[in-house]
Amino acid sequence: MGSTSAENHGGVGRRDLIKRSAALGLISVPAMSLLSACASGGGDGQGKAKAGKKTAKNPLGVNDTAQMEFVLFDGGFGKEYAEDAVKIYEKDFPKAKVKFAATQKIQSTLQPRFNGGTPPDLIDNSGAEQMDMGGLVGKNQLADLTPLLDAASYDDPSKKVRDTLRPGIVEMGQFDGKPVWILYYAYTVYGVWYSQKALDSLDEKYPETWDEMIKVCQKAQKKGMAGWTYAGKYPYYLPFSLYPMIGKVGGREVLDAIDNLEPNAWKHPAVKTCFEAYYELYKRGFILKGTPGLDHIQSQTAWAKGKALFIPNGSWVENESAPVIPDDFDLAVSAPSGLDGNDKMPFGTIWASGGEPFIVPAKAANPAGGMEQLRIMLSEASSKNFTAKVKSLTAYNGGTSGIELTPGLKSGVAALEKAGSNVLNPRMQDWYVQLQKEKIGVAGLGEMMAGRATPAETIKKIQGFADEAAKDTSIKHYKHQ
């Protein structure tokens with residue numbers, strides 16, 4: 001792919017880079033099937049389950065004999081945490097049959113069931129085959145989760161579920177108006193992940209400016225280590241650090257304009273500057289050779305083995321890469337480097353938000369059961385179980401007391417503390433999934449970082465994709481309120 005064959009340029013200041021550059025012009029393991037659990041719709045085609053009696057312990061009025069079907073994305077967090085939560089549901093409703101299955105083929109397996117009116121009762125809509133969330137909302141295919149949010153929390157009847165959640169979780173599930181269509185269960189810290197041990201071996205601290213980033217990458221290169229790698233087959237991982245860099249350089253309003261599909265939003269100087277900075281990584285040969293051909297597991301494995309220093313990712317990487325991360329790796333995450341002291345937002349500005357989107361289909365046979373399963377998962381015990389097992393925070397605002405935090409999780413918590421109110425939350429990846437992944441990611445950033453398109457060409461192409469989406473009357477459009 002030529003990612004290390006690029007010419008090596010001499011040192012240059014960041015603002016000079018802007019002038020100079022104007023002249024330049026989900027898991028590779030076999031996916032398990034949904035077995036017979038997904039051969040039929042929830043309730044075996046018998047229609048909606050009758051409502052149960054609402055009580056203090058059953059605030060959603062779950063029918064205690066109705067079947068509940070739960071389909072989980074089998075990804076970086078695994079399935080054990082969900083299986084544990086299912087056991088609690090089965091204990092609370094011993095007469096109910098629960099169908100549970102995990103798969104990586106969410107869209108190809110479940111979209112036909114949505115179309116046929118027989119979807120499961122609860123779905124973890126995540127991974128490379130994630131169904132387009134904006135499309136599902138626009139076509140009225142999801143149930144409003146407000147009843148869940150207004151129900152008594154699992155632990156404390158005096159508190160509503162919504163009062164136990166981290167800031168921003170409820171808003172993330174909204175698209176237009178008050179209904180809440182999605183419950184993001186994990187709380188993800190996105191950024192640049194690295195080995196503190198490797199960085200220490202270079203006698204460097206994490207680079208806060210792009211000049212410092214280039215210096216660190218040069219040092220790594222001299223020691224036979226690439227500066228960066230990323231999921232080349234899924235280049236929509238690049239925005240995990242690129243988007244917050246754009247927000248840091250130009251302000252959060254730049255990202256809002258991009259999400260809103262505003263005309264020329266991608267032509268903002270901050271976008272141009274950040275694209276050119278990332279392209280410089282390619283031009284200087286700082287990208288691990290062969291990266292454009294690697295999937296997320298392969299790139300993470302190469303990174304964990306010390307072949308590359310930095311990788312853009314989310315906090316699930318600690319669990320997903322656990323089998324290959326050395327015991328003394330000292331995993332850490334940082335907010336992205338900025339350009340320089342003239343950036344609109346301070347160093348530490350980070351992207352953190354709800355991840356792992358759970359949905360209850362509007363045509364589910366037992367939607368109350370699906371919401372009850374979520375209510376159980378949002379208890380302190382289930383939250384602690386998730387955090388302890390998969391090394392990530394949940395939407396539940398707490399659940400870390402008494403748990404020894406792993407290096408990556410501890411670093412993520414520290415990054416959130418440093419960010420304070422400077423937390424960004426781009427919505428492109430849940431408002432317009434196809435635009436984000438296939439067009440901005442694969443056709444845009446993927447081509448640029450492989451050296452097959454310049455930043456100027458990439459910006460022009462992505463702006464065209466955004467304009468097409470803005471004009472497409474077949475899709476629902478959303479805006480920051």
Side-chain angles (χ1 to χ4, degrees), residues 1-18 20-21 24 191-233 235 237-238 240-242 245 273-294 296 298-313 317 321 324-326 328-340 347 445-455:
M1 296 295 180
S3 58
T4 59
S5 61
E7 57 194 283
N8 209 327
H9 296 285
V12 63
R14 292 310 96 213
R15 298 296 165 184
D16 289 335
L17 168 65
I18 301 173
R20 183 201 72 193
S21 57
L24 290 176
V192 181
W193 293 78
Y194 59 98
S195 161
Q196 185 63 53
K197 178 185 177 183
L199 197 58
D200 289 343
S201 74
L202 300 175
D203 194 26
E204 288 286 348
K205 62 181 181 64
Y206 184 84
E208 296 188 8
T209 68
W210 206 250
D211 274 334
E212 292 172 358
M213 172 60 74
I214 295 303
K215 176 188 172 187
V216 171
C217 287
Q218 285 174 326
K219 274 194 172 183
Q221 191 178 56
K222 288 177 181 177
K223 287 202 171 187
M225 176 187 288
W228 285 65
T229 189
Y230 59 91
K233 288 186 176 179
Y237 276 55
L238 286 163
F240 295 155
S241 58
L242 179 55
M245 182 184 181
T273 296
C274 295
F275 273 41
E276 287 163 352
Y278 269 55
Y279 188 63
E280 188 177 15
L281 298 175
Y282 158 75
K283 293 289 285 184
R284 287 175 174 262
F286 294 149
I287 304 293
L288 178 67
K289 186 177 180 179
T291 286
L294 303 179
H296 58 304
Q298 292 167 327
S299 60
Q300 289 165 192
T301 300
W303 160 76
K305 290 182 176 180
K307 294 181 179 180
L309 184 58
F310 299 121
I311 190 168
N313 222 309
V317 70
S321 298
V324 292
I325 290 180
D328 61 349
F329 194 74
D330 200 4
L331 179 65
V333 62
S334 175
S337 309
L339 196 66
D340 57 30
F347 176 72
L445 297 173
E447 292 296 289
M448 183 182 82
M449 294 304 290
R452 294 188 287 264
T454 66

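The chain is numbered in sequence order, starting from 1. These numbers come from the heavy atoms of this one structure, side chains and all, not from hydrogens, waters or symmetry mates.
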Between CG on residue Leu288 and CE on residue Met225, distance to nearest 0.5 Å
10.5 Å

Should we count CG of Asp328 as having more than 12 external heavy atoms under 6.0 Å?
yes

Using modelled atom types and a 3.5 Å cut-off, is there a donor and acceptor pairing between side-chain atoms of Ser195 and backbone atoms of Phe329?
yes

Residues forming a ring-ring contact (aromatic ring centres under 6.0 Å, His included) with Phe347, sequence neighbours excluded:
none

Rounded distance (nearest 0.5 Å) linking atom NZ of Lys222 with atom CG of Leu202
11.0 Å

Lys197/Asp330 ion pair, N-O < 4.0 Å
no

Run the side chain to side chain contact (heavy atoms under 4.5 Å, CB included) test against Lys215 and tell me which residues pass, sequence neighbours left out.
Glu204

Tightest non-hydrogen contact, residues Pro292 and Ala450, listed as CG-CB, 3.9 Å

For the ring pair Tyr194 and Trp228, is the centre-to-centre distance below 6.0 Å?
no

Does Val317 offer a backbone N or O that forms a donor-acceptor pair with the side chain of Gln300 under 3.5 Å?
no

Let me confirm one number: the NE2-OH distance from His296 to Tyr237, rounded to the nearest 0.5 Å.
4.5 Å

Partners passing side-chain hydrogen bond (donor to acceptor under 3.5 Å, both in side chains) against Glu447 (at least two apart in sequence or in another chain):
Arg452

Hey, does Met213 have a side-chain heavy atom less than 4.5 Å from the side chain of Phe286?
no

Quick check against the 3.5 Å criterion: does Lys223 have a side-chain atom that pairs as donor or acceptor with the backbone of Ser201?
yes

Under 6.0 Å between ring centres: does that hold for Trp193 and Phe240?
no

Step by step, work out the side-chain contact (heavy atoms from CB on, under 4.5 Å) result for Asp340 and Asp211.
CA-CA 8 Å; Asp340 57 30; Asp211 274 334; over 6 Å; no

For Ala453 and Tyr279, the nearest pair of non-hydrogen atoms, with its separation, is O-CE1, 3.5 Å

Could you tell me whether Phe310 and Tyr206 have their ring centroids closer than 6.0 angstrom?
yes

For Cys217 and Gly227, which heavy atoms make the closest approach, and how far apart are they?
SG-CA, 3.8 Å

Set out, in order, the CA-CA distance, both residues' side-chain angles and the distance that settles ring pair (Phe, Tyr, Trp, His ring centres under 6.0 Å) for Trp303 and Tyr230, then state yes or no.
CA-CA 9 Å; Trp303 160 76; Tyr230 59 91; over 10 Å; no

In the structure I gave you, are the side-chain heavy atoms of Met449 and Leu238 within less than 4.5 Å of one another anywhere?
yes

Test your reading of the model: is there a side-chain donor-acceptor pair from Ser337 to the backbone of Pro207, 3.5 Å cut-off?
yes

Closest heavy-atom pair, Met245 versus Ala277, reported as atoms and distance to 0.1 Å, is CE-CB, 4.0 Å

Here the gap from Glu280 atom CD to Lys283 atom NZ, rounded to the nearest 0.5 Å, amounts to 10.5 Å

May I ask you to test the Leu281-Trp210 pair for a side-chain heavy-atom distance under 4.5 Å?
yes

To the nearest 0.5 Å, what is the distance between OG on Ser334 and CD on Glu208?
7.5 Å

I need the Thr229 OG1 to Leu294 CG distance, nearest 0.5 Å.
5.5 Å

Do Cys274 and Leu242 come within less than 4.5 Å of each other through their side chains, counting heavy atoms only?
yes

Give a yes or no on whether Lys219 atom NZ has more than 12 heavy-atom contacts from other residues, nucleotides or ligands under 6.0 Å away.
yes

